[in-house]
Amino acid sequence: MLQIHILRQNPDFVIERLKVKNFDASELITNILALDEKKRENQVKLDATLSEANKIAKTIGEIIKSGKQDQATQLKERSVTLKAEAKTMANDLELLNNEINSLLLQIPNIPGDQVPQGKTAEDNEIVFSFGKIPTLSPSALPHWDLIKKYDIIDFELGNKVTGAGFPFYRGKGAKLQRALINFFLDEGLKAGYTEVQPPLLVNEASAYGTGQLPDKDGQMYNVGLDKFYLIPTAEVPLTNIYRDTILKESDLPIKNIAYSNCFRREAGSWGADVRGLNRLHQFDKVEIVQIATPETSYQVLEEMREYVSTLLVKLELPFRIVKLCGGDISFTSAMTYDFEVYSAAQKRWLEVSSVSNFESFQANRMKLRFKNKNGKTELAHTLNGSALALPRIVAALLENNQNETGIKISDSLIPYTGFKMID
RNA sequence: GGAGAGGUGGCCGAGUGGAUGAAGGCGCACGCCUGGAAAGCGUGUGUACGCCGAAAGCGUACCAAGGGUUCGAAUCCCUUUCUCUCCGCCA
């Protein structure tokens, strides 16, 4: 959520910048500013009314103390009237506030300066590429066949026990998962992150804080009886740790890393290209989150980008980094890099990480602030990224490293798997 | 799940209807003192919104949350919530 004072001070700037996201904010902003003006008028009147009532109450107290009770009657009446007026005004004010808030929530985050103009994923900018695209033998299989051949991941069993998109991992498949999780966490610790094990269910306030609510509740599984949501990403609990918090500048940057299961309903997104591990309802992910000062957040974004790159290099996967254009960037993000690995048998680029700077957009919603060197409280910047999402990494590892005898494990993973081949 | 006790500022803790944004202490910041430090002394120390673009100043709101009683509520009443103790259940 944008801070309203930015709209007050420079509405044209906001409108102009949001064009990069192909969003026309002019009408929304006009409405918001009109309501805001009305709101402030009301507030001034309300405060004056309450102020008078407070003064009267004090006067009455003094009168009573001096023993002249009867003189207070008229003042009491006046006070009752004021109180009734104040109540009406307070209600109106609340309605206005709600209205302003709901309009404010409809405005996406302002894209950062570097975000390229564009409409779709076609317009994204490839900023970095690594590795050679492997040439596989004609008999090479896509991962959904490999997992059957080596009996490491079982979709049919998942279907039976739960439903589509909830596979079982078995034998070396399960061990590979565990190896990847440990590898990712250990690398994170080396890079200075603090390991966190978050709850997998969160309440409404948390889902609202990171922006899943109010719009995207259809994308989360909810546990209706207790009003909890299954997390779609560890970003939600990890960032909400600092909801309604004022940090010290010396605490920053905060660097947390967490492994979690992630649950996504993925309503309406099933199609031909989501076979096998490409899209699941439950999957594993290691997530990194940083809380930073506004001055450093873009440096931090680059640091995180660099960090995710090193993971993929160590896994020896060919990948590219894409700077998302305005049209493809998410509602809440100011700037995002996507990481895509090449999955050789599918002959497709698969998104395995998305690293974003949200600037103060999430922080404003969840009142995540810090006290700066001058003692002033200001909103912090939040950033997060996957490091990494497992299923598509597994898909690429299986497909790219297959040969006639089996699937070769990347050197950096062998200490974690304890085996060199899946065969 | 049952019974009881509680929730006050960064922390501890006082406060049972009017003087309280809130005693006292700790912590923190600044100043004095010192060769330097400690101790001591002094001053200051919450958040949000608004008056207003900034500073100063002022107003309003906030003592778990929400509602109510009252001219006036941290204090009384109701609801919710969380914590602690005992009992029950339990990986």
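The chains referred to below are lettered A, B, ... by the order of the sequence lines, with proteins before strands, and numbering in each begins at 1.
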>> Side-chain N or O of A:Thr377 versus OP1/OP2 of B:U47: is the shortest distance under 4.0 Å?
In response: yes
Could you list all N or O pairs between the protein and nucleotides 51-53 of chain B that sit under 3.5 Å apart?
unit_1, atom_1, unit_2, atom_2, d
B:C51, OP1, A:Arg40, NH1, 3.4

> Is a salt bridge present between A:Arg305 and A:Glu302, judged by a nitrogen-to-oxygen distance below 4.0 Å?
Replying inline: yes
>> Say we look at B:C78 and B:A73: how far apart would their C1' atoms be, to the nearest angstrom?
In response: 15 Å
>> Between B:C63 and B:U75, how many Å separate the two C1' atoms, rounded to a whole number?
In response: 10 Å
> For atom P, what is the distance between B:G6 and B:G27, given to the nearest Å?
Replying inline: 30 Å
> Would A:Glu303 and A:Lys255 pass as an ion pair if we require N to O under 4.0 Å?
Replying inline: yes
> How far, in whole Å, is B:G66 from B:C58 if one measures between their P atoms?
Replying inline: 27 Å
>> From the set B:A48, B:C71, B:G59, return the single nucleotide nearest to any side-chain atom of A:Ile64.
In response: B:C71
> Which listed nucleotide (B:G18, B:G59, B:A55) is nearest to the side chain of A:Ile60?
Replying inline: B:G18
>> Can you check the distance between B:G24 and B:G46, where both ends of the measurement are the P atom (answer in whole Å)?
In response: 15 Å
> Which value, in whole Å, describes the distance between the P atoms of nucleotides B:G68 and B:C62?
Replying inline: 13 Å
>> OP1 or OP2 of B:G72 versus the side-chain N and O atoms of A:Lys76: is any pair under 4.0 Å?
In response: no
> Hey, does A:Lys38 reach any base, or is it just sugar-phosphate, or nothing, if we go heavy atoms under 4.0 Å?
Replying inline: nothing
> OP1 or OP2 of B:G68 sitting under 4.0 Å from any side-chain N/O of A:Lys87?
Replying inline: yes
> Which ones in residues 47-55 of chain A lie close to RNA chain B, meaning a heavy atom under 4.0 Å from one of its atoms?
Replying inline: A:Asp47, A:Leu50, A:Ser51, A:Asn54
> Using the P atom in both, what is the distance from B:U83 to B:U16, to the nearest Å?
Replying inline: 28 Å
>> Strictly by ring pair (Phe, Tyr, Trp, His ring centres under 6.0 Å), give each pair with a member in residues 190-217 of chain A just once, sequence neighbours left out.
In response: A:Tyr193-A:Tyr307
>> Mind checking if A:Lys83 touches a base, just sugar-phosphate, or nothing, with heavy atoms under 4.0 Å?
In response: base
>> Between B:G42 and B:G53, how many Å separate the two C1' atoms, rounded to a whole number?
In response: 37 Å
